[in-house]
2 protein chains.
Amino acid sequence: MAVMDSAAAREQALDAAEELFYGRGIQSVGMDDIRGASGVSLKRLYQLFPAKEQLVEAYLERRDVRWRGRLAEFVARREDPGERILAVFEWLEGWFGEDGFRGCAWINSYGELGATSARVAAQVRAHKQALRDYLAGLVADAGLPGTVAGQLFLLAEGAMVTAGITGSTEPARVAREAARTLMTR
Amino acid sequence: MAVMDSAAAREQALDAAEELFYGRGIQSVGMDDIRGASGVSLKRLYQLFPAKEQLVEAYLERRDVRWRGRLAEFVARREDPGERILAVFEWLEGWFGEDGFRGCAWINSYGELGATSARVAAQVRAHKQALRDYLAGLVADAGLPGTVAGQLFLLAEGAMVTAGITGSTEPARVAREAARTLMTR
DNA sequence: AGCAGCGGAGAACGTACGTTCTCCACTTGA
DNA sequence: TCAAGTGGAGAACGTACGTTCTCCGCTGCT
């Protein structure tokens, strides 16, 4: 392994953590697995993240920024405010179809650790709140009643959960059609 | 502990498993916790369930029968087919408000074990498929187009997940209003 | 060249837990 | 009363894993 500064080692560690935690769940991945996949030694891993839980938090935090960034970037390409809302579900469909898609990382983490780790639970709530606020902004921009935002949020959550369990992209299209109906009355 | 036949011991074990697995997650509950909470000795636990995974499967199976039974019983009290569909969301609201509610047991289990236990993953899919089929029956009875069933299913899933994460009963009411809109056009 | 320190490999340590085993009290049938 | 078996309490065993420690080579400075 070539020399690597702390920032690069941190990225390598988080890359490996994201791939393994998301793909196999958090509890079934050991720190030694992270070391093997990242090439970052245990000693350095523990310098960067004093305990596994902090690595988990950093993983969720970085993924939150990236995930919402990707969504917002996709949506922002549309001009029409109504189209932007529908674009959310189109982006979900593309995500569901990606290799290795295994549902929503936060919903999965909550099922695994929500009852035992208050910090993870708080991060999940923050992420979902941010998504809800984002949708509320789109709904307001489209001049739709505020109650629609909560409804669209539930459709998106249901689609993520169902796509994760069934492995199909169809929930995104179903949710999109429901969203269209809810928007037009 | 008084004498107890196998059937009673099995029920005691499953009662404890359900309370602990649902409340704290599966991986964080040890077989010794089950023994302590149920009063069934380890030896007998292993006679009844040769491995922890089989206890987990029995827990999910028994809960599936009971959960869907409770829902169907509540819904069946309504006469009008359209009212029956809305009653699903009313039942969800009552469930969300129960003490110790912590989201959908199957969604949580899927987050925890979906990637590592094929049998648990299959049980989750079966449970969700059964719920979807049940909703499809209600939708057909109400003379609504079949596409509505999938939309209502996503709303229910989104409500369960969101209520679990936020601890609020509100998602049930939001989903109910969305359902009403989707049904009336 | 010599040395101080960083970093890697991997052993070691402690704990948790799934599973099995030992020992013993008690019941039951003759 | 005695023998055989059932079942409970809890010790024991093996493994996995989070975390720390040891040893050693390499690098960079003087």
Side-chain angles (χ1 to χ4, degrees), chain A residues 1-60 109 111-113 115-120, chain B residues 1-60 109 111-113 115-120:
Chain A
M1 187 60 50
V3 286
M4 196 192 300
D5 64 24
S6 286
R10 190 184 163 87
E11 287 306 296
Q12 299 263 138
L14 285 172
D15 288 347
E18 180 153 7
E19 169 142 359
L20 292 174
F21 286 158
Y22 178 70
R24 288 167 31 195
I26 292 168
Q27 311 207 54
S28 82
V29 172
M31 292 297 276
D32 207 59
D33 296 323
I34 306 277
R35 179 193 57 75
S38 68
V40 176
S41 73
L42 278 182
K43 191 193 255 182
R44 217 157 184 208
L45 273 180
Y46 277 93
Q47 281 170 0
L48 295 163
F49 308 97
K52 185 183 180 181
E53 184 168 19
Q54 313 200 26
L55 177 57
V56 172
E57 287 169 32
Y59 145 63
L60 289 175
S109 299
E112 225 182 318
L113 301 174
T116 53
S117 166
R119 299 178 66 89
V120 166
Chain B
M1 186 61 49
V3 284
M4 197 191 300
D5 63 25
S6 286
R10 189 186 164 86
E11 286 307 296
Q12 299 264 136
L14 286 172
D15 288 347
E18 179 152 8
E19 170 141 0
L20 293 174
F21 286 158
Y22 179 69
R24 289 166 33 195
I26 292 168
Q27 310 207 56
S28 82
V29 172
M31 291 298 276
D32 206 60
D33 296 323
I34 306 278
R35 180 193 58 74
S38 67
V40 176
S41 72
L42 278 182
K43 190 194 255 181
R44 218 162 184 201
L45 273 180
Y46 276 94
Q47 281 168 1
L48 295 164
F49 308 97
K52 186 182 180 183
E53 183 167 17
Q54 313 200 25
L55 176 58
V56 172
E57 287 170 32
Y59 145 64
L60 289 176
S109 300
E112 224 182 318
L113 301 174
T116 53
S117 165
R119 299 179 65 91
V120 167

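The sequence lines fix the lettering, A, B, ..., with proteins before strands; numbering per chain opens at 1.
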Residues that B/E19 engages under salt bridge (Lys or Arg N to Asp or Glu O under 4.0 Å), provided they are two or more places apart: none
Interatomic distance, B/R35 CZ vs D/dG8 P [rounded to whole Å]: 11 Å
Residues which pass side-chain contact (heavy atoms from CB on, under 4.5 Å) with [X], listed by chain and number, not counting sequence neighbours:
{"X": "A/S117", "answer": "A/E53, A/L113, A/R119, A/V120"}
{"X": "A/Y22", "answer": "A/Y59, A/R63, A/W95, A/F101, A/R102, A/A105"}
{"X": "A/A58", "answer": "A/R10, A/L14, A/F49"}

B/E11: what forms a side chain to side chain donor-acceptor pair (under 3.5 Å) with it, not counting sequence neighbours? B/R62
What N/O pairs connect the protein and nucleotides 17-20 of chain D at under 3.5 Å? Give each pair on its own line.
residue	atom	partner	partner atom	Å
D/dG18	OP1	A/K52	NZ	2.9
D/dG18	OP2	A/M31	N	2.6
D/dT19	OP2	A/Y46	OH	3.0
D/dT19	OP2	A/K52	N	2.9

